Amino acid sequence: MREKENKDKAGVLFMQNKKAAIAVVGAGSWGTALAIVLADNAHEVRLWSHKEDQVKEINGFHTNKKYLPEIALPELIVAYASLSDALAGVDTVILAVPTKAIREVLGKIRAVQADSITIAHVSKGIEPDTLLRITEMIKEEMPKELLKDIVVLSGPSHAEEVSLRHPTTVTVASENMEAAEKIQDLFINHNFRVYTNSDVIGVEIGGALKNIIALAAGITDGLGYGDNAKAALMTRGLAEIARLGTKMGANPLTFSGLTGIGDLIVTCTSVHSRNWRAGNLLGKGQTLDEVLDNMGMVVEGVRTTKAAYQLAKKYDVNMPITTVLYNVLFNGKNAKDAVDVLMARGKTHEMEDLVNVLDEKYTEG
Ligand SMILES: NC(=O)C1=CN([C@@H]2O[C@H](COP(=O)(O)OP(=O)(O)OC[C@H]3O[C@@H](n4cnc5c(N)ncnc54)[C@H](OP(=O)(O)O)[C@@H]3O)[C@@H](O)[C@H]2O)C=CC1
Ligand SMILES: O=C(CO)COP(=O)(O)O
């Protein structure tokens, strides 16, 4: 039993955390919602934004209207326009920008950072072409002497609900369990329950690839196909995520956890999901450019579909949903025809492909 655990009045276990200064880099929906959790835990939260107007709004009015319109931000959140000021003396950085911006932002951190830091990233994507997970991108971009540990925080957690303090559960994973526990301690509270896991690959793959399935679920909803189709997509989607993830080295059990099925459920069924909403508009007939132009927030699943399509080829894994979605997004395939393609595939056994992947994994020496 870890020493810091204590029982509060309600008898719920929670952590008597040491209060810390923490930099949250990226002031979109997720960075801001996580800043609220940290401020609720009485940490000093420095929220960095690359937009001066947003910094003025957060510090002057304690709002971030573009991303969390209805929310009053705690005064413990202070916004910074200067990254070096935000990072001065901090030990932990929460990296909360879209996958596409990770390398650029890490370059900026590298340029001003003097001491070694733990980076906890909260993004859900895979880099197309390099096919790297975010942890791997961080390792490439940050010199060893500036990096203590890398942690990933993931799970079923829409910013809109976290910022309202609705009950939410997430998982933190790291190659170093002490680092994962450190991040668990910073975030955990009565509204935000944090689990640990050592399977970084499984957590990152589940979090990234569920966005592909959410886009597809949005499309079938947009086409008016209803619940049977969505349940099929979620179940068979998880099967293809687990096949690929296991081949990449993940623990297959991770896909039955919060960062696998948990996040798949929330993203495929919630009106808050940008990926589901984007798919829904595609299903209703908008073009990808129209959808992305109107969204105003990142839709990670689009780039991740490209990356997963490439990964499926690299690892020789059958990923039919990813493949038809790739053809809809990037090859102009009609969404309804894409569903027909999925339904008209040759007959298969439900579990055989995954069983074969597991056999391969566990008989490998
Ligand atoms: N929203 C959610 O509920 C959740 C999101 N996530 C993940 O978190 C990550 C971030 O998503 P989220 O916060 O929702 O995205 P948003 O689109 O809401 O916000 C992205 C933020 O990053 C900023 N940004 C974009 N590019 C750069 C750049 N090059 N340099 C500096 N800042 C930049 C944006 O600035 P600007 O305003 O100028 O565009 C904005 O503040 C994604 O990977 C997402 O999948 C994970 C769990 C939940
Ligand atoms: O990852 C998320 C919820 O867990 C957010 O999903 P969207 O990016 O689709 O909104």
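Treat the numbers as computed from the prediction; the structure is a model and nothing was measured. For ligands, and for the atoms within them, numbers begin at 1 and follow the listed sequence.
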Engineer: Contact between ligand 2 and S157 is defined here as a heavy atom of the residue under 4.0 Å from a ligand atom; is it met?
Structural biologist: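 True for this residue.
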Engineer: List every atom of ligand 1 that sits less than 4.0 Å from any heavy atom of M297, numbering the atoms from 1 in the order shown and giving each element.
Structural biologist: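 Within the 4.0 Å cut-off of M297, ligand 1 contributes 17 (O).
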Engineer: Is there a nitrogen or oxygen of E104 sitting under 3.5 Å from a nitrogen or oxygen of ligand 1?
Structural biologist: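 Yes, since at least one N or O of E104 sits under 3.5 Å from an N or O of ligand 1.
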Engineer: Enumerate the atoms of ligand 1 whose separation from the nearest heavy atom of E300 is less than 4.0 angstrom.
Structural biologist: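 With E300 as reference, the close atoms of ligand 1 come out as 42 (C), 43 (O), 45 (O).
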Engineer: Which ligand 2 atoms does K210 reach within 4.0 Å, using its non-hydrogen atoms?
Structural biologist: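 Going through ligand 2 atom by atom, the ones under 4.0 Å from K210 are 1 (O), 2 (C), 5 (C), 6 (O).
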Engineer: Heavy atoms only, cut-off 4.0 Å: how does T32 contact ligand 1, side chain, backbone, both, or neither?
Structural biologist: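 Contact part for T32 vs ligand 1: neither.
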Engineer: Taking only heavy atoms of K124, which atoms of ligand 2 are found under 4.0 Å from at least one of them?
Structural biologist: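 Going through ligand 2 atom by atom, the ones under 4.0 Å from K124 are 1 (O), 2 (C), 3 (C), 4 (O).
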Engineer: With heavy atoms of N275 as the reference, note each atom of ligand 2 found under 4.0 Å away.
Structural biologist: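 Under 4.0 Å from N275, ligand 2 has these atoms: 7 (P), 8 (O), 9 (O).
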Engineer: Just distances here: any N/O of A101 and N/O of ligand 1 closer than 3.5 Å?
Structural biologist: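 Between A101 and ligand 1 (N or O atoms, distance only) the closest approach is not under 3.5 Å.
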Engineer: Side-chain donor-acceptor pair under 3.5 Å between E204 and S154, yes or no?
Structural biologist: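 The criterion, which ignores hydrogens and geometry beyond distance, is not satisfied for S154 and E204.
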Engineer: Heavy-atom distances under 4.0 Å decide this one: backbone, side chain, both or neither, for H272 against ligand 1?
Structural biologist: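 It is neither part, as no heavy atom is under 4.0 Å.
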Engineer: Select one of side chain, backbone, both or neither to describe which atoms of H50 lie under 4.0 Å from any atom of ligand 1, heavy atoms only.
Structural biologist: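 The part of H50 near ligand 1 is the side chain, not the backbone.
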Engineer: When you measure from atom 5 (C) of ligand 1 to each heavy atom in K124, H158, R274, which option holds the nearest one?
Structural biologist: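 Selected option, by shortest heavy-atom distance: R274.
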Engineer: Considering the heavy atoms of P156, write down every atom of ligand 2 situated less than 4.0 Å from one of them.
Structural biologist: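 The atoms of ligand 2 under 4.0 Å from a heavy atom of P156 are 4 (O).
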Engineer: Among side-chain atoms of T99 and E300, is any donor-acceptor pair under 3.5 angstrom?
Structural biologist: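 Per modelled atom types, T99 and E300 side chains form a pair under 3.5 Å.
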Engineer: Among S29, A27, S154, which one puts a heavy atom closest to atom 18 (O) of ligand 1?
Structural biologist: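 Looking at heavy atoms only, the winner is S29.
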Engineer: With heavy-atom distances below 4.0 Å as the criterion, list the atoms of ligand 2 near T267.
Structural biologist: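 Checking each atom against T267, I get 6 (O), 9 (O).
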Engineer: Determine the minimum heavy-atom distance between I261 and S256, stating which atoms define it.
Structural biologist: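 So the two residues come closest at CG2-O, 3.3 Å.
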Engineer: Check contact between K100 and ligand 1, using heavy atoms of the residue and a distance below 4.0 angstrom.
Structural biologist: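 For ligand 1, residue contact (heavy atoms, under 4.0 Å) with K100 is absent.
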Engineer: Does the side chain to side chain contact (heavy atoms under 4.5 Å, CB included) test come out yes or no for R277 and V271, once each step is laid out?
Structural biologist: CA-CA 7 Å; R277 289 204 318 260; V271 288; 5.5 Å; no
Engineer: Is a side-chain donor-acceptor pair under 3.5 Å present for N64 with Q54?
Structural biologist: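 Indeed, the side chains of Q54 and N64 share at least one donor-acceptor pair under 3.5 Å.
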Engineer: Can you pull out the closest protein heavy atom to atom 4 (C) of ligand 1? Residue, atom name and distance to 0.1 Å, please.
Structural biologist: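 In this structure, atom 4 (C) of ligand 1 has W30 CG, 3.5 Å as its nearest protein heavy atom.
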Engineer: Looking only at distance, does V298 have an N or O less than 3.5 Å from an N or O of ligand 1?
Structural biologist: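 Yes - when backbone and side-chain N and O of V298 are compared with those of ligand 1, one distance drops under 3.5 Å.
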Engineer: Is it the case that the side chains of T322 and E240 hold a donor-acceptor pair, with the cut-off being a distance below 3.5 Å and no angle test?
Structural biologist: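 Looking only at side-chain atoms, T322 and E240 do form a donor-acceptor pair, the distance falling under 3.5 Å.
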Engineer: Relative to ligand 1, is Q54 under 4.0 angstrom through side chain, backbone, both or neither, heavy atoms considered?
Structural biologist: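 No part of Q54 is near ligand 1 at this cut-off.
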Engineer: For A159, counting its heavy atoms only, list the atoms of ligand 1 lying under 4.0 Å from any of them.
Structural biologist: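 Heavy-atom distances to A159 below 4.0 Å select 1 (N), 2 (C), 3 (O).
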Engineer: Give the numbers and elements of all ligand 1 atoms closer than 4.0 Å to a heavy atom of S157.
Structural biologist: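 Once the distances to S157 are compared, the set is 3 (O), 47 (C), 48 (C).
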Engineer: Looking only at side-chain N and O atoms, does Q310 offer a donor or acceptor that is under 3.5 Å from a partner on D129?
Structural biologist: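 There is such a pair (donor and acceptor under 3.5 Å, judged by atom type) between the side chains of D129 and Q310.
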Engineer: Hey, what's the ring geometry for Y309 with Y326, parallel, tilted or perpendicular (30° and 60° as the breaks)?
Structural biologist: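 It falls in the parallel class, under 30°.
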Engineer: Counting from 1, what ligand 1 atoms have a heavy atom of V105 closer than 4.0 Å?
Structural biologist: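 Matching atoms, with element in brackets: 30 (N), 31 (C).
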Engineer: Heavy-atom contacts with G155 under 4.0 Å: which atoms of ligand 2 show up? List them by number with element.
Structural biologist: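 Result: 4 (O).
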Engineer: Can you tell if the side chain of T287 reaches within under 4.5 Å of the side chain of V291, non-hydrogen atoms only?
Structural biologist: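 The answer is no, as the side chains (C-beta and beyond) never meet within the 4.5 Å cut-off.
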Engineer: G125: heavy atom below 4.0 Å from ligand 1, yes or no?
Structural biologist: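 Heavy atoms of G125 never come under 4.0 Å of ligand 1.
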Engineer: For the residue pair N280 / D221, report whether a side-chain donor-acceptor contact shorter than 3.5 Å exists.
Structural biologist: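 No, because no side-chain N or O of D221 sits under 3.5 Å from a partner of the opposite role on N280.
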Engineer: Using a heavy-atom cut-off of under 4.0 Å, does the side chain or the backbone of S273 touch ligand 2, or both, or neither?
Structural biologist: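 Both the backbone and the side chain of S273 come within reach of ligand 2.
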Engineer: Taking 4.0 angstrom as the limit and counting only heavy atoms of K51, give me the atoms of ligand 1 inside it, by number and element.
Structural biologist: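 Near K51, meaning under 4.0 Å from one of its heavy atoms, ligand 1 has 36 (P), 37 (O), 38 (O).
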Engineer: For V122, counting its heavy atoms only, list the atoms of ligand 1 lying under 4.0 Å from any of them.
Structural biologist: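 Counting from 1, the qualifying ligand atoms are 6 (N), 7 (C), 8 (O), 46 (C).
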Engineer: Which atom names give the shortest non-hydrogen contact between I150 and S174, and what distance separates them?
Structural biologist: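 Taking I150 first and S174 second, the nearest heavy atoms are O-OG, 2.8 Å.
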Engineer: For a quick check under 3.5 Å, do K182 and T118 share a side-chain donor-acceptor pair by atom type?
Structural biologist: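 Present: a donor and an acceptor within the cut-off.
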Engineer: Is it true that the side chains of D199 and N251 contain a donor and an acceptor less than 3.5 Å apart?
Structural biologist: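 There is no such pair between these side chains.
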Engineer: Can you tell me which residue and heavy atom of the protein come closest to atom 22 (O) of ligand 1, and the distance to 0.1 Å?
Structural biologist: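 In this structure, atom 22 (O) of ligand 1 has P98 CD, 3.4 Å as its nearest protein heavy atom.
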Engineer: Evaluate the side-chain proximity of V170 to L258: yes if any heavy-atom separation is below 4.5 Å, no if none is.
Structural biologist: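 Sidechains of V170 and L258: no contact.
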Engineer: Could you work out, for atom 21 (C) of ligand 1, the closest of G296, G28, G26, G155 by heavy-atom distance?
Structural biologist: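 Heavy atom nearest to atom 21 (C) of ligand 1 belongs to G28.
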Engineer: Going by atom types only, do T168 and E161 share a side-chain donor-acceptor pair under 3.5 Å?
Structural biologist: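 Looking only at side-chain atoms, E161 and T168 do not form any donor-acceptor pair under 3.5 Å.
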Engineer: Find all atoms of ligand 2 within a distance of less than 4.0 Å from any non-hydrogen atom belonging to H272, and give their numbers and elements.
Structural biologist: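 That gives atoms 10 (O) of ligand 2.
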Engineer: Look at the side chain of H43 and the backbone N and O of V45, then say whether any donor-acceptor pair between them is shorter than 3.5 Å.
Structural biologist: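 No.
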Engineer: Among all protein non-hydrogen atoms, which one is nearest to atom 4 (O) of ligand 2, and what is the separation to 0.1 Å?
Structural biologist: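 That would be D263 OD1, 2.6 Å.
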Engineer: Which protein heavy atom lies closest to atom 39 (O) of ligand 1, and at what distance to 0.1 Å?
Structural biologist: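 Its nearest protein heavy-atom neighbour is Y67 OH, 3.3 Å.
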Engineer: For the 3.5 Å polar cut-off, considering only N or O atoms, please tell me whether E160 and ligand 1 meet it.
Structural biologist: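 No, there is no polar N/O contact under 3.5 Å.
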Engineer: Would you name the heavy atoms of T304 and I212 that are closest together and state the gap between them?
Structural biologist: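 Smallest heavy-atom distance, with atoms named: O-CD1, 3.8 Å.
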Engineer: I need the nearest protein heavy-atom contact for atom 8 (O) of ligand 2: residue, atom name and distance, please.
Structural biologist: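 The answer is R274 NH2, 2.9 Å.
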Engineer: Using modelled atom types and a 3.5 Å cut-off, is there a donor and acceptor pairing between side-chain atoms of N41 and backbone atoms of L186?
Structural biologist: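 Confirmed, N41 side chain pairs with L186 backbone.
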Engineer: Looking at N59 and A79, would you say the former's side chain and the latter's main chain have a donor-acceptor pair under 3.5 Å?
Structural biologist: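 Side chain of N59 to backbone of A79, a donor-acceptor pair under 3.5 Å: yes, one is there.
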Engineer: Determine yes or no for a side-chain-to-main-chain donor-acceptor pair under 3.5 angstrom, with T246 supplying the side chain and R243 the backbone.
Structural biologist: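 Not confirmed, T246 side chain does not pair with R243 backbone.
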Engineer: Is it the case that ligand 1 has an N or O less than 3.5 angstrom from some N or O of W48?
Structural biologist: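 W48 vs ligand 1: no N/O contact under 3.5 Å.
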